[in-house]
Amino acid sequence: MKITAEYNREESDVIEIKSASYIGDYAIRLSFNDGINRVVAFKSFLENSIHPSIRKYLDEHKFKEFEIIDGNLNWNDYDLIFPIYTLYQGKV
């Protein structure tokens, strides 16, 4: 007898970002796999940081080069990334 189980991502308790779009002024609209949508403003976080590896994302061109990798928002191969739950709450 062979036992198999199917993994259905839609029924998972794991929260993931399905889509993200830059809307201007360092804000990104995020759509999550449970249907929730949030606008997250990153400008204050970037401006208040003193670390150069974070402040470099005040260059709007660099900031807009994010990707969704494994259900999370990611810049430059994990150079900048935030906890998914924080983004889900609409915060950074």
Side-chain angles (χ1 to χ4, degrees):
M1 173 168 66
K2 182 177 180 182
I3 299 173
T4 60
E6 282 188 35
Y7 174 72
N8 184 346
R9 260 192 131 115
E10 297 301 318
E11 294 177 13
S12 173
D13 289 336
V14 175
I15 298 296
E16 295 180 333
I17 297 170
K18 290 185 72 167
S19 66
S21 57
Y22 182 69
I23 59 172
D25 201 30
Y26 302 94
I28 299 174
R29 181 179 316 281
L30 302 173
S31 297
F32 294 88
N33 62 333
D34 65 352
I36 296 293
N37 295 297
R38 299 271 190 254
V39 172
V40 181
F42 293 84
K43 189 173 187 174
S44 178
F45 170 80
L46 297 171
E47 288 179 335
N48 291 323
S49 177
I50 59 172
H51 200 286
S53 69
I54 294 173
R55 289 192 60 83
K56 72 182 177 185
Y57 289 100
L58 283 168
D59 175 341
E60 194 170 17
H61 179 72
K62 278 188 193 300
F63 181 78
K64 290 172 25 176
E65 293 180 341
F66 58 84
E67 298 177 279
I68 299 172
I69 299 177
D70 296 328
N72 204 343
L73 203 55
N74 183 321
W75 284 263
N76 194 27
D77 196 27
Y78 300 96
D79 187 39
L80 183 63
I81 192 165
F82 297 89
I84 191 77
Y85 187 70
T86 302
L87 296 174
Y88 187 77
Q89 293 177 315
K91 303 175 184 176
V92 280

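- Using modelled atom types, no side-chain atom of Asp25 and backbone atom of Ala27 make a donor-acceptor pair closer than 3.5 Å.
- Of all heavy-atom pairs spanning Asn76 and Asn74, the tightest one is N-OD1, 3.9 Å.
- Taking hydrophobic clusters as Ile, Leu, Val, Met, Phe, Trp and Tyr residues chained together by side-chain heavy-atom distances below 4.5 Å, Leu58 shares a cluster with Leu73.
- With hydrogens and angles disregarded, a donor-acceptor distance shorter than 3.5 Å links the side chain of Arg55 to the backbone of Glu47.
- Under 3.5 Å, the side chains of Ser53 and His51 contain a donor-acceptor pair of N or O atoms.
- Counting heavy atoms from C-beta outward, Val40 and Thr86 have side chains that stay 4.5 Å or more apart.
- By the rule that hydrophobic residues join a cluster once side-chain heavy atoms approach within less than 4.5 Å of another member, Phe66 and Ile23 end up as members of separate clusters.
- The backbone N or O of Trp75 sits nowhere less than 3.5 Å from a side-chain atom of Asp79 that would complete a donor-acceptor pair.
- Two different hydrophobic clusters hold Phe82 and Ile69 under the rule that ILVMFWY side chains link at heavy-atom gaps under 4.5 Å.
- Using cut-offs of 30° and 60° for the angle between ring planes, the Tyr26 and Tyr22 rings count as perpendicular.
- Annotation: side chain of Phe42 is not in contact with side chain of Ile54 (no heavy-atom distance under 4.5 Å).
- Distance alone, capped at 3.5 Å, places no donor-acceptor pair between the Arg38 side chain and the Leu30 backbone.
- Looking at Asn33, its side chain does come within 3.5 Å of a backbone N or O of Val14 through a donor-acceptor pair.
- Residues Val39 and Phe45 are members of separate hydrophobic clusters, defined by side-chain heavy-atom contacts under 4.5 angstrom among Ile, Leu, Val, Met, Phe, Trp and Tyr.
- The local environment of OH in Tyr78 is crowded, with over 12 non-hydrogen atoms from other residues, nucleotides or ligands closer than 6.0 Å.
- No continuous path of hydrophobic side-chain contacts links Ile15 to Ile81 [ILVMFWY only; heavy atoms under 4.5 Å].
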